[in-house]
Asker: 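This is the structure, below, for whatever I ask next.
The analysis underlying the following values was restricted to heavy atoms, covering all of them including side chains, and did not include hydrogens, waters or symmetry mates. Start at 1 with the first residue, then count along the sequence.
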Amino acid sequence: MKHDFMSHDLHLPELTFRGMLLGVLITIIFTASNVYLGLKVGLTFSSSIPAAVISMAILRFFKDSNVLENNMVQTQASAAGTLSAVIFVLPGLLMLGYWQGFPYGETLLLCACGGCLGVLFTIPLRRAMVVNSDLPYPEGRAAAEILKVGSQAHSDEKGASASASGMKEIVSGGIFAGIISLCTNGFHYLAGEMSFWFGVGRGVTQFPLGFSTALLGAGFLIGIASGIAILVGMIIAWGGFVPYLTNVLPMGDAKSVESFAMAVWKEKVRFIGAGCIGIAAIWTLITLAKPIVEGMRISVKNMKMSNEERDTHRMDTDMKPSTVGIVFLVILIGLVICFYSFVSAVDINPALMWTLVVCGIIIALCIGFFVAAACGYMAGLIGTSASPISGIGILGIIISSLVVFAIASANDLFATEAGVKFTTAMALFMTSVVVCIAAISNDNLQDLKTGQLVGATPWKQQVALLIGSVAGAVAIAPVLNLLYEAYGFTGALPRPEMDPSAALSAPQATLMTTIAQGIFSSNLDWDYILIGVGIGIIGIIVNLILKSTTATLSLPPLAIGMGIYLPPTLEMPLVIGSFMSYFVGKYLVKRAKERSGKLAEADVEQCNRRGVLFASGMIVGESLIGVLIAVIIVISVTSGGGEDPLGMVGKDFASTAEWLGLAVFLITIAYFVNLVLSTKFNREEALEIQRINEEEHK
């Protein structure tokens, strides 16, 4: 049987029992690993691409497996890498002393309802941000390439030949990046970053370098516009505000000027980035308003029609509005139970209690839709892994705290210390729902882009993500409790005899708690947020001018905000990858013009495809090694071993590891560029790529 997986009229099994079971298992395992890593170092890994690879490896033993079934597994399991972002806020309730552990029922409901809302809120965004958008969606595109190449072997001989060639590039990129990642994050022979510090008057700034091969690959896919915008944000942060503020602010008890500069960036400059992200996100939502309304209109129109009358194809059908309404009602009931359980633990009058419950749910819903659009757009620009969910969390905690502050002030809740603690906890609880919505929406549109590229049915993907959100929520509470009892968090130890230095740092939760406390004590410095808003407005104006005067240039203001907010060592490989892609592309076009014949353009496409597949492979390799190392660490720690079971060198090797990391990163860039440019022209393969591209654009 010929399996032409790009045929729009093809109907293959997608939501299968075995696929859903596999997706649930992967979700639970990845969620546990992500929760630990997030609490320990403040980072989580994207689970979408590793899940796709694992799914293909397992389901290939079933002869009737197909690309759409594998896509559903990765769609479902991707919830693990994103829903675990709730740990960026929720541990703050223990740091406040409001909770003494994580109540299973409340934590489960909060995560499940927030995650499912993230799915629902992105349904009306799909047409505007996936179908009718030129956003690159680097990780979604990479996942699609992996799924397509893995499934082409089921096609005809030409498809099988193209599959063998494509799989070779993915595997080689994966092995290449996997070995580097293992040597970096496992054995520590290579450093993951390196910074050169420069004095600027009495202050200091840095020239950062990050050596992530996965982010280099993602940068190759995001395009030059996003790369330039991120670079502009980095220059604003590290070429402007950091050196200025380190000159004018007192150094205090900082151990070095470098640590002082990092503290200034974390505590002040990042708020400028958050303000820029906030205003840019509002602008994004405004610009998307018309296509969002149009998408909702089409969905409602189709619901009223019979199957024969519907004018949309299988690949353009979302969940029915009636089904969305039922799911939303169930979520709403869950949120009412969740918020009521949280608020009723405090001795306040019933009227105030229900006011807080209703306001909490309304704020979570209103902010939630806003962050769904913002996060979806950011994921489309630079990918899920690098999307600053914690920046959205900062905006969420500020708005939630202001609302609760207004209610508390009107009802004299600040009269006692217990009242102050409760109001701060209420703001954190509301923000936890918002972060869950942000995390899933950040991932969902990436998955829908993958589905669009492989020919999936959107409503089935949305169902898979709902299942994944619930499965991830089931796992989060017990894992949080296990880690809390084993280590505790900074400022929240379950037993007095525990060593505070061994506690999990939970850096984002600490920051969110500090912001909330700053608002309720009226000592939060708003100036930096407002400066960020001003920069965002300037960025919006510049972007509008560029779009109106040129056909190709743009400067996405959201990416500028991310450039200010994200750690610079994460951004640099993204920027380098985007510039690398641009100049390689320019050279290929120039070379094509020197050739004659109809297939000159196909030659360029063949070279670009090789680069995309190798970049996708690098994302796969680093992601899989990240999962493997996470599992090994969790097993080691829970069995009484150390937190660095694979470490081969001591701290005295750090300087050597930095230079070795830089050398390997430069070799990676050179090898990558040479790989793309040295692609030998294969007429048959070029024709096959041309055929596939024509079918994709039908």
Asker: Which pair of heavy atoms, one from Ile560 and one from Ile236, lies closest together, and at what distance?
Answerer: CG2-CD1, 4.1 Å
Asker: For Leu546 versus Ser554, what's the shortest heavy-atom pair and its separation?
Answerer: CD1-C, 4.1 Å
Asker: Looking only at heavy atoms, what is the nearest atom pair of Trp265 and Leu566, with distance?
Answerer: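 Minimum heavy-atom contact is CZ2-O, 3.4 Å.
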Asker: State the CG-CD1 distance between Leu445 and Ile440, to the nearest 0.5 angstrom.
Answerer: 11.5 Å
Asker: Could you grab the distance from atom CG of Leu574 to atom CG of Leu570, nearest 0.5 Å is fine?
Answerer: 8.0 Å
Asker: Counting N and O atoms only, with roles assigned by atom type, does the side chain of Asn543 sit under 3.5 Å from a partner on the main chain of Leu555, one being a donor and the other an acceptor?
Answerer: yes
Asker: Quick one: does Met618's side chain get under 4.5 Å of Thr668's, heavy atoms only?
Answerer: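 Yes; the side chains approach each other to less than 4.5 Å.
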Asker: Taking Glu169's backbone N and O only, do any of them form a donor-acceptor pair with Arg610's side chain (distance below 3.5 Å, no angle check)?
Answerer: no
Asker: With ring centroids as reference points, do Phe614 and Phe220 lie under 6.0 angstrom apart?
Answerer: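 Not under 6.0 Å, so no.
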Asker: Ser581 side chain to Gly577 main-chain N or O, any donor-acceptor pair under 3.5 Å?
Answerer: no
Asker: Under the side-chain contact (heavy atoms from CB on, under 4.5 Å) rule, what do Thr246 and Val257 come out as? Steps first, then yes or no, please.
Answerer: CA-CA 8 Å; Thr246 51; Val257 289; over 6 Å; no
Asker: Please confirm whether the backbone N or O of Asp447 pairs with a side-chain atom of Thr75, one donor and one acceptor, at under 3.5 Å?
Answerer: no
Asker: Among Asn185, Thr184, Thr213, find the one that has a side chain to side chain donor-acceptor pair (under 3.5 Å) with Glu622.
Answerer: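 Testing Glu622 for a side chain to side chain donor-acceptor pair (under 3.5 Å) against Asn185, Thr184, Thr213 leaves exactly one candidate, Thr213.
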Asker: Roughly how far, to the nearest 0.5 Å, is the CD1 atom of Ile175 from the CD1 atom of Ile180?
Answerer: 12.0 Å
Asker: Let me confirm one number: the CG-OG distance from Leu231 to Ser578, rounded to the nearest 0.5 Å.
Answerer: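 Reported to 0.5 Å precision, the distance equals 8.0 Å.
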Asker: Run the side-chain contact (heavy atoms from CB on, under 4.5 Å) check on Met234 and Met572 step by step: do they pass?
Answerer: CA-CA 9 Å; Met234 289 176 62; Met572 189 55 76; 3.6 Å; yes
Asker: Step by step, would you call Ile529 with Ile272 a side-chain contact (heavy atoms from CB on, under 4.5 Å)?
Answerer: CA-CA 5 Å; Ile529 296 173; Ile272 297 174; over 6 Å; no
Asker: Is the closest side-chain heavy-atom distance between Ile394 and Arg270 below 4.5 Å?
Answerer: no
Asker: Can you confirm if the aromatic rings of Phe241 and Tyr528 lie within a centre distance of less than 6.0 Å?
Answerer: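 Between Tyr528 and Phe241, the centre distance exceeds or equals 6.0 Å.
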Asker: Pair Gln206, Glu258 - check side-chain contact (heavy atoms from CB on, under 4.5 Å), show working.
Answerer: CA-CA 8 Å; Gln206 66 168 315; Glu258 290 84 2; over 6 Å; no
Asker: Mark yes or no for whether Asn247, through its side chain, and Pro243, through its backbone, hold a donor-acceptor pair below 3.5 Å.
Answerer: yes
Asker: Between Thr205 (side chain) and Trp238 (backbone), is there a donor-acceptor pair under 3.5 Å?
Answerer: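 Pair found, side chain donor or acceptor close to backbone of Trp238.
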Asker: Does CH2 in Trp659 sit with more than 12 non-hydrogen atoms of other residues, nucleotides or ligands closer than 6.0 Å?
Answerer: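 No - once you tally the heavy atoms of other residues, nucleotides and ligands closer than 6.0 Å, there are 12 at most.
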Asker: Could you check whether atom CZ of Phe579 has more than 12 heavy atoms from other residues, nucleotides or ligands sitting under 6.0 Å from it?
Answerer: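 Above 12, so yes.
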Asker: Check the angle between the aromatic planes of Tyr189 and Phe653 and answer parallel, tilted or perpendicular using the 30° and 60° thresholds.
Answerer: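 Rings of Tyr189 and Phe653: perpendicular, over 60°.
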Asker: Roughly how far, to the nearest 0.5 Å, is CD1 of Ile535 from CG of Leu530?
Answerer: 11.5 Å
Asker: Can you give me the closest heavy-atom contact between Met95 and Thr513, atom names plus distance?
Answerer: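 Distance-wise, the nearest heavy atoms are SD-OG1, 4.3 Å.
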Asker: For the residue pair Pro568 and Pro208, what are the closest heavy atoms and their distance?
Answerer: CB-CG, 3.4 Å
Asker: So which heavy atom on Val584 is nearest to which on Val673, and how close?
Answerer: CG2-CG1, 4.1 Å
Asker: Can you classify the ring geometry of Phe665 versus Phe211 as parallel (below 30°), tilted (30 to 60°) or perpendicular (above 60°)?
Answerer: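 Geometry flag for Phe211 against Phe665: tilted rings.
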Asker: Could you tell me whether a side-chain N or O of Thr450 sits under 3.5 Å from a main-chain N or O of Gly140, the two making a donor and an acceptor?
Answerer: yes
